[in-house]
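In what follows, every chain begins at residue 1, and chains take the letters A, B, ... in the order their sequences are listed.
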Number of protein chains: 2
Amino acid sequence: MKFIIQRNQLIASVQNVMKAISSRTVIPILTGIKIEAKQHGITLTGSDSDISIESYIPAEENNNVNVEQIEVGSIVLHAKYFPDIVRKLPEQTVEIEADSNLKVTIRSGKAEFNLNGQDAEEYPQLPKVQTDNSFEMPIDLLKNMIKQTVFAVSAMETRPILTGVNMSLENSVLSLIATDSHRLASRTVPISNTNINFKNVIVPGKSLNELNKILDDSEETVEISVTNNQVLFRTKHLNFLSRLLEGNYPETSRLIPEQSKTTIQVKTKELLSTIDRASLLAREERNNVVRLTTQGNGLIEITSNSPEVGNVTEDLSVQMFEGEELKISFSSKYMIDALKAIEYDDVTISFTGAMRPFIMRPADDDSILQLILPVRTY
Amino acid sequence: MKFIIQRNQLIASVQNVMKAISSRTVIPILTGIKIEAKQHGITLTGSDSDISIESYIPAEENNNVNVEQIEVGSIVLHAKYFPDIVRKLPEQTVEIEADSNLKVTIRSGKAEFNLNGQDAEEYPQLPKVQTDNSFEMPIDLLKNMIKQTVFAVSAMETRPILTGVNMSLENSVLSLIATDSHRLASRTVPISNTNINFKNVIVPGKSLNELNKILDDSEETVEISVTNNQVLFRTKHLNFLSRLLEGNYPETSRLIPEQSKTTIQVKTKELLSTIDRASLLAREERNNVVRLTTQGNGLIEITSNSPEVGNVTEDLSVQMFEGEELKISFSSKYMIDALKAIEYDDVTISFTGAMRPFIMRPADDDSILQLILPVRTY
């Protein structure tokens with residue numbers, strides 16, 4: 001194997017596949033990056049067996065030459081050294097050459113590295129995902145959906161299924177739902193030009209977080225293919241493959257109250273900063289509890305009390321108030337996460353009593369829903 | 001105590017005094033920030049008893065009003081909560097009020113915090129440093145001197161005196177020297193308008209690191225006062241007080257070879273990046289050893305070898321070569337630190353054999369000296 005490649009292209013690809021590589025893997029060869037050279041371009045692969053990422057650098061693209069003097073072949077290089085070496089090489093181009101004894105030479109300017117590679121034949125084959133059954137969507141929209149839901153997955157392995165996001169596509173509506181059983185985040189978007197349907201596809205939260213980091217806004221669409229136990233996200237230069245979680249996701253629709261006894265509408269950012277300030281004193285306590293009290297005069301009061309440290313009070317104007325007066329306590333952390341996902345200037349909050357879950361939506365958009373269970377205080 | 005203060009001024013002062021505060025102090029009240037209001041301005045104090053920092057905000061300065069409605073008094077507030085509260089308050093001004101029961105109210109916009117304060121009378125008195133015996137120097141020059149020496153102090157407590165920097169002022173020349181017994185860094189500068197002399201003033205490396213962080217380039221000069229066991233660095237708004245290390249600093253002048261057998265001159269940055277690349281494979285090994293070999297043809301070769309991983313070789317042009325051919329091994333980390341301190345485009349390196357310390361200086365400046373002991377390789 002041999003090729004000469006533009007260093008900045010190689011750096012970007014290495015960074016992408018590194019997202020899948022863990023130093024704690026039980027399969028030793030997965031601590032490496034697989035490099036495969038074909039006449040049409042170079043493919044890098046990284047995997048921790050849960051997530052696998054392939055990044056492709058075409059030899060030529062838009063009349064630019066990215067890779068030259070290609071001799072086909074493949075090798076695996078240790079991910080502990082290769083990325084730093086590439087990043088620190090002196091020139092804009094890099095020559096990489098592997099001989100039949102798995103000895104790899106990396107040259108740039110006057111610098112020459114000789115590394116011991118591993119046989120690419122020993123690198124696990126990634127599963128082939130059928131891509132007939134696929135749909136496409138804009139990348140920025142998928143990134144938004146992930147940001148608005150994935151924070152609500154459970155961090156605890158006691159109910160593994162809740163560490164994933166429940167993805168479904170029914171009647172041309174794609175839905176992502178996450179819950180840790182104390183709160184729930186949901187987002188739907190219409191998908192045109194597809195008649196595929198699936199449900200109970202549970203993608204690990206960790207996979208979606210990594211996907212969100214490497215999906216590049218500069219590309220336009222991502223193709224999503226779902227099989228029994230894998231999901232593939234594919235863009236022009238990237239294949240992102242994740243295993244799915246096995247099991248049945250709990251039915252969450254019955255958690256969402258259909259009626260409300262108290263409804264308020266406030267400025268999202270004002271409520272967010274008020275809760276953020278109130279949480280400063282609460283952070284020592286379990287759940288960082290703050291309290292919201294309607295004041296009956298177009299104001300709500302946010303308070304928090306930490307006996308040893310002190311207390312904090314702040315009033316906030318509401319734009320709309322309907323229904324009964326209310327006093328309710330909740331986790332400031334959950335509230336901050338949820339408000340950050342609302343994305344619009346105005347948020348509507350619907351309560352059905354101090355002990356019942358409450359929901360938040362943008363004032364004019366039903367596609368985003370955030371639900372929080374209150375905290376009982378005595 | 002009561003006053004209304006510009007929030008950005010308060011934030012900056014809090015950040016400065018926080019540099020001295022440790023959550024692990026054995027004196028509970030030192031986990032707090034002392035706030036003292038006088039008619040002419042507000043003084044904040046933070047201390048871990050080794051380092052004490054006072055930051056002063058004048059009520060008026062350059063026709064700007066920083067503090068208003070001052071009622072004199074003082075209080076101590078917990079450093080765990082106060083900085084975040086100030087940072088997140090909604091408005092540009094903050095009102096702080098303490099009553100006789102040590103209850104403190106912080107108001108900004110509609111937000112009101114009530115905190116439990118501590119009695120400022122219980123806060124330790126900072127030692128009064130005689131400032132008759134002082135000299136002044138430019139702040140940027142002091143910051144440079146610190147950066148060029150402090151990295152070479154010992155990180156080990158086995159010889160506590162070596163964790164400090166040896167400061168002396170003799171015949172109008174200020175000198176800073178640091179060594180961990182494997183390398184040495186030294187910088188001198190002439191100080192005009194002073195006839196003070198002192199030597200063996202050992203300032204803890206940690207103090208100089210913190211001082212370097214908070215000294216503000218926008219102010220021009222710093223006044224330095226040395227006593228038996230304290231050193232005070234004073235600027236217009238800042239008093240930075242550090243205890244000194246007790247004991248005699250070793251005589252270091254005899255370490256520095258006076259003759260050389262091989263002298264080379266190279267481009268500082270080129271050598272730095274070459275050593276940096278060579279160290280990539282060496283980082284697993286003890287001391288990150290790299291080897292320099294003169295090639296006799298206007299080139300030196302930098303190599304490193306890590307049997308399991310591979311090896312690296314890079315040639316570098318020298319601008320000047322005098323004396324015997326040489327093969328020498330040394331810690332890449334020490335070399336990188338030293339080259340970063342050289343500050344000039346060209347560096348002169350003088351060797352007196354493979355087993356003897358070698359020294360580096362800027363090609364045209366004798367005031368900076370870096371010394372490294374080589375590593376024996378077999």
Inset, instruction - Please list, chain by chain and in numerical order, all residues satisfying salt bridge (charged side-chain N to carboxylate O under 4.0 Å, His left out) with B/K327, sequence neighbours excluded. - result: none

Legend entry - Top contributor to chain A contacts, counting heavy-atom pairs under 4.5 Å, from B/T313, B/I302, B/N311: B/N311

Inset, instruction - Report the residues that fulfil ring-ring contact (aromatic ring centres under 6.0 Å, His included) with A/F358, sequence neighbours left out, ordered by chain and then residue number. - result: A/F330, A/F351

Legend entry - Contact class of A/S273 relative to chain B, heavy atoms under 4.5 angstrom: neither

Legend entry - Most chain A-contacting option - heavy-atom pairs closer than 4.5 Å, from B/D276, B/I85, B/N116, B/L316: B/N116

Inset, instruction - Flag the one option from A/K88, A/R277, A/E270 with the top tally of heavy-atom pairs under 4.5 Å to chain B. - result: A/R277

Legend entry - Contacts with chain A made by residues 105-115 of chain B (heavy-atom distance under 4.5 Å), listed by residue number: B/K110, B/A111, B/E112, B/F113, B/N114, B/L115

Inset, instruction - Return yes when atom NZ of A/K340 has more than 12 non-hydrogen atoms of other residues, nucleotides or ligands closer than 6.0 Å, and no otherwise. - result: no

Inset, instruction - Any chance you could measure B/Y81, atom OH, to A/L281, atom CG, to the nearest 0.5 Å? - result: 7.5 Å

Inset, instruction - May I ask you to list the residues in residues 6-24 of chain B that approach chain A closer than 4.5 angstrom, counting heavy atoms only, ordered by number? - result: none

